[in-house]
2 protein chains.
Amino acid sequence: MKLDFDKIDRVIHERGRLAIMTLLATRVRWSFADLKAELKMSDGNLVTHLRTLHQAGYVATTKEILDRPQTSYGLTERGRAAFAGYLALLEQIVKTGQG
Amino acid sequence: MKLDFDKIDRVIHERGRLAIMTLLATRVRWSFADLKAELKMSDGNLVTHLRTLHQAGYVATTKEILDRPQTSYGLTERGRAAFAGYLALLEQIVKTGQG
DNA sequence: CCGAGCACTTTGCACCACAAAGTGCGGTAT
DNA sequence: ATACCGCACTTTGTGGTGCAAAGTGCTCGG
């Protein structure tokens, strides 16, 4: 098998954003506060990563006002597809590395 | 399962070095020229990554002079262990992301 | 001696992760 | 009404680093 490392999505393949994408993949929607609590990231950093993901078209943002203003985030179709592609590559790497 | 993204080894988790580590894992030794040809990296860049990996104790360097001077590279025990740990984390991410 | 190739080092640029501090807005308490 | 607090940002600053390009020394072949 031929691994093409150029195909690694730089947007996803960064520690912080990889963490975000992985979390987002497990649940339909996440509030900003929950993400922050789970990731133990500074909010500035978290927002920046979310914006990067948003600009790449991977993440959708929903703003609502319940009793408190609350923004929630989820993967777009495109984001899901990109993440699936990324995971497939990881799998190949794991297989190659262990085989 | 609880994923700890802080455990991601920054030395390994970079595109170029991840490629190098993956290649090194598949064969006992690689010549510099072979790595360069396979990775399509500039030699300066490749050397820098190899040095980083070397300083982390993950890669051993062997210099020999056959007809031409030739340097070859291989994983150390520590490198192999670190890479295995990294791959295990990748596996968890893949599982979490797909589950 | 000259040119080529290997294995570097050095330099420089540009990007980016990350933290810290500041902003605005709405709700809540006093 | 005002003061305060938390949420969701933006801005700023710094350090680190990937990467390319150019330069270095070394050895061999012609």
Side-chain angles (χ1 to χ4, degrees), chain A residues 4-24 29-56 58-74 86 89 93, chain B residues 4-24 29-74 82 86 89 93:
Chain A
D4 191 357
F5 291 93
D6 286 348
K7 292 225 181 79
I8 289 182
D9 191 329
R10 293 172 105 79
V11 173
I12 299 178
H13 186 73
E14 193 280 328
R15 225 169 139 197
R17 287 191 296 270
L18 176 55
I20 293 174
M21 291 294 284
T22 307
L23 286 187
L24 290 184
R29 76 198 333 228
W30 282 80
S31 72
F32 184 84
D34 285 354
L35 280 177
K36 188 180 156 190
E38 188 73 22
L39 294 169
K40 283 159 195 162
M41 233 178 247
S42 72
D43 54 351
N45 192 11
L46 178 53
V47 162
T48 306
H49 281 319
L50 284 170
R51 185 169 42 209
T52 302
L53 290 169
H54 181 69
Q55 280 166 1
Y58 294 169
V59 162
T61 308
T62 313
K63 304 199 186 209
E64 307 178 69
I65 301 184
L66 308 176
D67 50 340
R68 297 194 166 274
Q70 189 173 314
T71 312
S72 57
Y73 301 87
Y86 177 79
L89 233 161
I93 291 171
Chain B
D4 191 358
F5 292 93
D6 287 348
K7 293 225 181 81
I8 289 182
D9 191 328
R10 293 171 106 80
V11 173
I12 299 179
H13 186 72
E14 194 280 327
R15 225 170 137 193
R17 287 191 296 269
L18 176 54
I20 294 173
M21 290 294 283
T22 307
L23 287 187
L24 290 184
R29 79 202 325 232
W30 282 80
S31 72
F32 183 84
D34 286 353
L35 281 177
K36 188 180 155 189
E38 188 74 22
L39 295 169
K40 283 160 195 161
M41 235 179 245
S42 71
D43 54 352
N45 193 10
L46 177 54
V47 162
T48 307
H49 282 318
L50 285 170
R51 184 168 43 208
T52 302
L53 290 169
H54 181 69
Q55 280 166 1
Y58 293 170
V59 163
T61 308
T62 314
K63 306 200 185 208
E64 307 178 69
I65 301 184
L66 309 175
D67 49 339
R68 297 193 166 273
Q70 188 173 315
T71 312
S72 57
Y73 301 88
Y86 177 79
L89 232 162
I93 291 171

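Quick note on labels: first sequence line is chain A, next is B, and so on, each numbered from 1. All of these numbers come straight from a predicted model, not from anything done at the bench.
- Computed from coordinates, the A/Glu64 CD to D/dC7 P distance equals 16 Å when rounded to whole Å.
- For the pair B/Thr52 and B/Glu14, the minimum side-chain heavy-atom distance is 4.5 Å or more.
- Between D/dC9 and A/Tyr73, a contact under 4.0 Å exists linking OP1 or OP2 to a side-chain N or O.
- Counting to the nearest Å, the C1' atom of C/dA7 and the CG atom of B/Leu39 are 16 Å from each other.
- No side-chain heavy atom of B/Leu24 sits less than 4.5 Å from a side-chain heavy atom of B/Tyr58.
- When distances run from any side-chain atom of B/Thr71 to the nucleotides C/dC8, D/dT10, C/dC18, the shortest one goes to C/dC8.
- Rounded to an integer number of Å, the gap from B/Leu50 CG to C/dC6 P is 15 Å.
- Side-chain contact check for B/Lys40 versus A/Asp6: every heavy-atom pair is 4.5 Å or farther apart.
- One can place CD of B/Gln55 at 13 Å from P of C/dC8, the figure rounded to the nearest angstrom.
- Using a 4.0 Å cut-off, some side-chain N or O of A/Arg17 falls inside it from OP1 or OP2 of C/dA17.
- Atom CG of B/Asp34 is separated from atom P of C/dC6 by 11 Å (rounded to the nearest Å).
- The side chain of B/Lys63 places no N or O atom within less than 4.0 Å of a non-bridging phosphate oxygen (OP1 or OP2) of C/dC6.
- Side-chain contact between A/Phe32 and A/Asp43 is present, with at least one heavy-atom pair separated by less than 4.5 Å.
- Looking at every heavy atom in both residues, B/Gln70 comes nearest to B/Ser31 through NE2-CB, 3.7 Å.
- Look at CD1 on B/Ile8: it is 10 Å from P on C/dC18, rounded to the nearest Å.
- For B/Thr61, the side chain to side chain contact (heavy atoms under 4.5 Å, CB included) partners are B/His54, B/Lys63, B/Thr71, B/Tyr73, not counting sequence neighbours.
- For the pair B/Gln70 CD and C/dG5 C1', the interatomic distance rounds to 13 Å; values are reported in whole Å.
- The phosphate of D/dT10 has OP1 or OP2 within less than 4.0 Å of a side-chain N or O from A/Arg51.
- A sub-4.0 Å separation between OP1 or OP2 of D/dT17 and a side-chain N or O of B/His49 is absent.
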Seminar exercise, completed: B/S/- along nucleotides 19-25 of chain C (protein heavy atoms under 4.0 Å) is BB-----
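- Looking at heavy atoms from C-beta onward, B/Ile20 lies out of side-chain contact with B/Trp30 at the 4.5 angstrom threshold.
- In this structure, the CG atom of B/Asp6 is 14 Å from the C1' atom of C/dA17, given to the nearest Å.
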